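Inspection log for the structure reproduced underneath, given as structure tokens.
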There are 2 protein chains.
Amino acid sequence: MKRTGFSKADCPVARGLDAIGDWWSLLIVRDALDGLRRFGDFQKNLGIAKGMLSARLQKLVELDVLELVPASDGSAYQEYALTKRGRDLFPVIVGLRQWGEAHLYARGEAHSDLVDQAGQPVGQLVLPSRTGRPLTWSETRVRKAGARKR
Amino acid sequence: MKRTGFSKADCPVARGLDAIGDWWSLLIVRDALDGLRRFGDFQKNLGIAKGMLSARLQKLVELDVLELVPASDGSAYQEYALTKRGRDLFPVIVGLRQWGEAHLYARGEAHSDLVDQAGQPVGQLVLPSRTGRPLTWSETRVRKAGARKR
DNA sequence: GCAACTGGTCCTATTATAAGACCAACCTGG
DNA sequence: CCAGGTTGGTCTTATAATAGGACCAGTTGC
């Protein structure tokens with residue numbers, strides 16, 4: 001049967017997953033954020049089947065997460081560049097990275113690290129209230145689409 | 001062929017997606033963060049096939065994202081409760097939510113909202129440097145697993 | 001000019017998902 | 001205390017997605 005879709009959902013989480021929640025899209029975006037731009041580079045780095053990659057890249061271009069631009073080396077080929085919409089996925093990737101780091105590695109096991117320009121590891125993602133105070137999960141709730149403030 | 005796995009990857013993003021990057025897991029966690037705990041509640045709310053849900057819940061329990069606890073209403077049934085590891089997925093869900101809100105809804109289209117205890121919409125996720133200064137994507141880079149500082 | 005590289009398309013075997021039939025244990029009203 | 005509904009699953013079947021590789025046209029390097 002056809003895979004269930006959420007492109008019309010009231011919940012932005014569901015709609016987001018519908019767009020980029022498949023097996024490969026976020027990994028492609030991760031690689032794009034790391035600077036990869038060419039079809040062959042993605043294919044080599046991910047070990048993905050070329051047909052899959054082709055379909056995913058097309059979908060990401062349709063979604064305006066990536067765009068095709070002339071190759072930066074002057075050749076006749078094209079490159080896949082991140083759009084603003086694609087760059088805006090940065091916090092999602094960082095969130096996944098920090099969760100993975102905290103829970104999916106044995107003590108002392110090596111993994112790649114996100115660092116700033118000085119080479120210093122970055123801090124944890126923070127969700128601020130409107131006034132700037134950091135919020136935890138238990139201090140928030142989801143207000144349904146049509147609901148009135150209370 | 002068997003779906004490609006990343007459970008041994010050096011990159012925490014890949015390992016994270018391997019764990020909870022399938023079609024349903026993050027939606028189940030989203031619902032759990034919203035307070036859902038019973039099999040039937042997840043099934044009704046997501047419209048997921050029961051077999052899928054059963055398999056996903058089992059996997060999430062194995063991963064220690066959810067745990068089975070006695071039902072809070074005193075019945076002989078059990079409930080699925082979030083563990084710390086599950087609650088730590090909150091920033092990932094929020095990241096997805098904010099990306100979806102910003103890019104996947106037409107102007108004026110209704111969606112659910114994340115608010116604080118006063119009912120105020122929350123702010124955007126912030127990635128601070130070690131010193132507390134907010135960092136953007138272009139101010140960071142990924143240092144590969146074995147690489148020496150530079 | 002030609003071999004290798006790039007960026008794909010297409011085909012096949014296998015795996016995952018959706019949908020619903022089925023079932024056992026529990027709970028509820030009379 | 002037991003009949004019928006609720007809960008929480010399992011199993012089966014069809015359709016869709018994925019992995020892997022053969023194949024191919026245009027581009028590039030030599």
Side-chain angles (χ1 to χ4, degrees), chain A residues 1-9 14 17-29 31-32 35-63 66-81, chain B residues 1-9 14 17-29 31-32 35-63 66-81:
Chain A
M1 303 289 178
K2 190 150 134 199
R3 177 178 271 191
T4 310
F6 298 101
S7 55
K8 305 292 178 49
L17 285 171
D18 192 68
I20 46 109
D22 63 82
W23 199 244
W24 288 109
S25 294
L26 275 178
L27 286 171
I28 293 171
V29 172
D31 278 1
L36 267 57
R37 299 168 68 93
R38 297 286 284 253
F39 186 96
D41 292 336
F42 289 112
Q43 209 253 316
K44 241 173 293 174
N45 195 54
L46 293 170
I48 183 177
K50 293 165 86 173
M52 269 297 94
L53 178 58
S54 180
R56 286 291 168 270
L57 288 172
Q58 252 179 269
K59 190 183 166 198
L60 289 171
V61 168
E62 269 172 40
L63 280 170
L66 298 176
E67 61 183 342
L68 274 168
V69 300
S72 49
D73 61 3
S75 76
Y77 295 114
Q78 290 190 296
E79 295 181 345
Y80 293 91
Chain B
M1 304 294 176
K2 188 147 136 205
R3 178 177 271 193
T4 310
F6 298 102
S7 55
K8 306 291 176 50
L17 284 171
D18 192 67
I20 45 105
D22 63 82
W23 198 245
W24 288 110
S25 295
L26 274 178
L27 285 171
I28 294 171
V29 171
D31 278 0
L36 268 57
R37 299 168 68 92
R38 297 286 284 254
F39 186 97
D41 292 336
F42 289 113
Q43 209 255 314
K44 239 171 295 173
N45 196 54
L46 292 171
I48 183 178
K50 294 164 85 173
M52 267 298 93
L53 179 57
S54 181
R56 286 290 168 271
L57 287 172
Q58 251 179 270
K59 190 183 166 199
L60 289 171
V61 168
E62 269 173 38
L63 280 170
L66 298 176
E67 61 184 341
L68 274 167
V69 300
S72 49
D73 62 2
S75 75
Y77 295 115
Q78 290 189 296
E79 295 180 345
Y80 294 89

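Just so it is clear, the model here is predicted, and its values are computed rather than measured. Note on naming: letters A, B, ... go to the chains in the order of the sequence lines (proteins, then strands), and numbering restarts at 1 for each one.
Side-chain contact between L53(B) and I28(B) is present, with at least one heavy-atom pair separated by less than 4.5 Å. Proximity of S72(B) to E79(B): side-chain heavy atoms (C-beta onward) are separated by under 4.5 Å at one or more points. By the 4.5 Å heavy-atom criterion applied to side chains, D22(A) and K59(A) are counted as neighbours.
The side chain of W24(A) contributes an N or O atom lying less than 4.0 Å from OP1 or OP2 of dA19(D). Contact annotation: Y80(A) side-chain N/O to dG8(C) OP1/OP2 distance is under 4.0 Å.
Counting to the nearest Å, the P atom of dT27(D) and the CG atom of D73(A) are 14 Å from each other. In this structure, L27(A) places its CG atom 14 Å from C1' of dT18(D), rounding to the nearest Å. Nucleotide dA16(D) holds its P atom 12 Å from the CZ atom of R3(A), rounded to whole Å. Per the geometry, CG belonging to D22(A) stands 10 Å off P belonging to dA19(D), to the nearest Å. Here the P atom of nucleotide dG7(C) and the CG atom of L68(A) are 11 Å apart, to the nearest Å. Between the CD atom of Q58(A) and the C1' atom of dG7(C) there is a distance of 12 Å, given to the nearest Å. Rounded to whole Å, atom P of dG9(D) lies 18 Å from atom NZ of K59(B). If you take CH2 of W23(B) and P of dA19(C), they are 13 Å apart, rounded to a whole angstrom.
With axes fitted over five pairs at each extremity, the angle between the ends of the helix from dG1(C)-dC30(D) to dG30(C)-dC1(D) is 30° (10° resolution).
Partners of D41(A) by side chain to side chain donor-acceptor pair (under 3.5 Å), not counting sequence neighbours: none found. Taking K50(A) as the reference, F39(A), Q43(A) meet the side-chain contact (heavy atoms from CB on, under 4.5 Å) condition, with sequence neighbours excluded.
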After noting the C-alpha distance and the side-chain angles of L60(B) and I20(B), does the key distance pass the side chain to side chain contact (heavy atoms under 4.5 Å, CB included) rule?
CA-CA 8 Å; L60(B) 289 171; I20(B) 45 105; 4.1 Å; yes

Applying side chain to side chain contact (heavy atoms under 4.5 Å, CB included), run through K8(B) and D18(B) and close with a yes or a no.
CA-CA 9 Å; K8(B) 306 291 176 50; D18(B) 192 67; over 6 Å; no

Could you give me the CA-CA distance, side-chain angles and deciding distance for L27(A) and F42(A), then say whether side chain to side chain contact (heavy atoms under 4.5 Å, CB included) is met?
CA-CA 9 Å; L27(A) 286 171; F42(A) 289 112; over 6 Å; no

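Interface residues of residues 38-57 of chain B facing DNA chain D, ordered by number: R38(B), F39(B), G40(B), K50(B), G51(B), S54(B); criterion, heavy-atom separation under 4.0 Å.
Separating the CH2 atom in W24(A) from the CD1 atom in I48(A) is a distance of 5.0 Å, to the nearest 0.5 Å.
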Short N/O separations, protein against nucleotides 28-30 of chain D, under 3.5 angstrom:
from    : atom 1 : to     : atom 2 : distance (Å)
dT28(D) : OP1    : A76(A) : N      : 2.5

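A donor-acceptor distance shorter than 3.5 angstrom exists from the side chain of W23(B) to the backbone of T4(A), with no hydrogens or angles considered.
Applying the salt bridge (Lys or Arg N to Asp or Glu O under 4.0 Å) test to pairs two or more places apart or on separate chains, those with a residue in residues 69-78 of chain A are R38(A)-D73(A).
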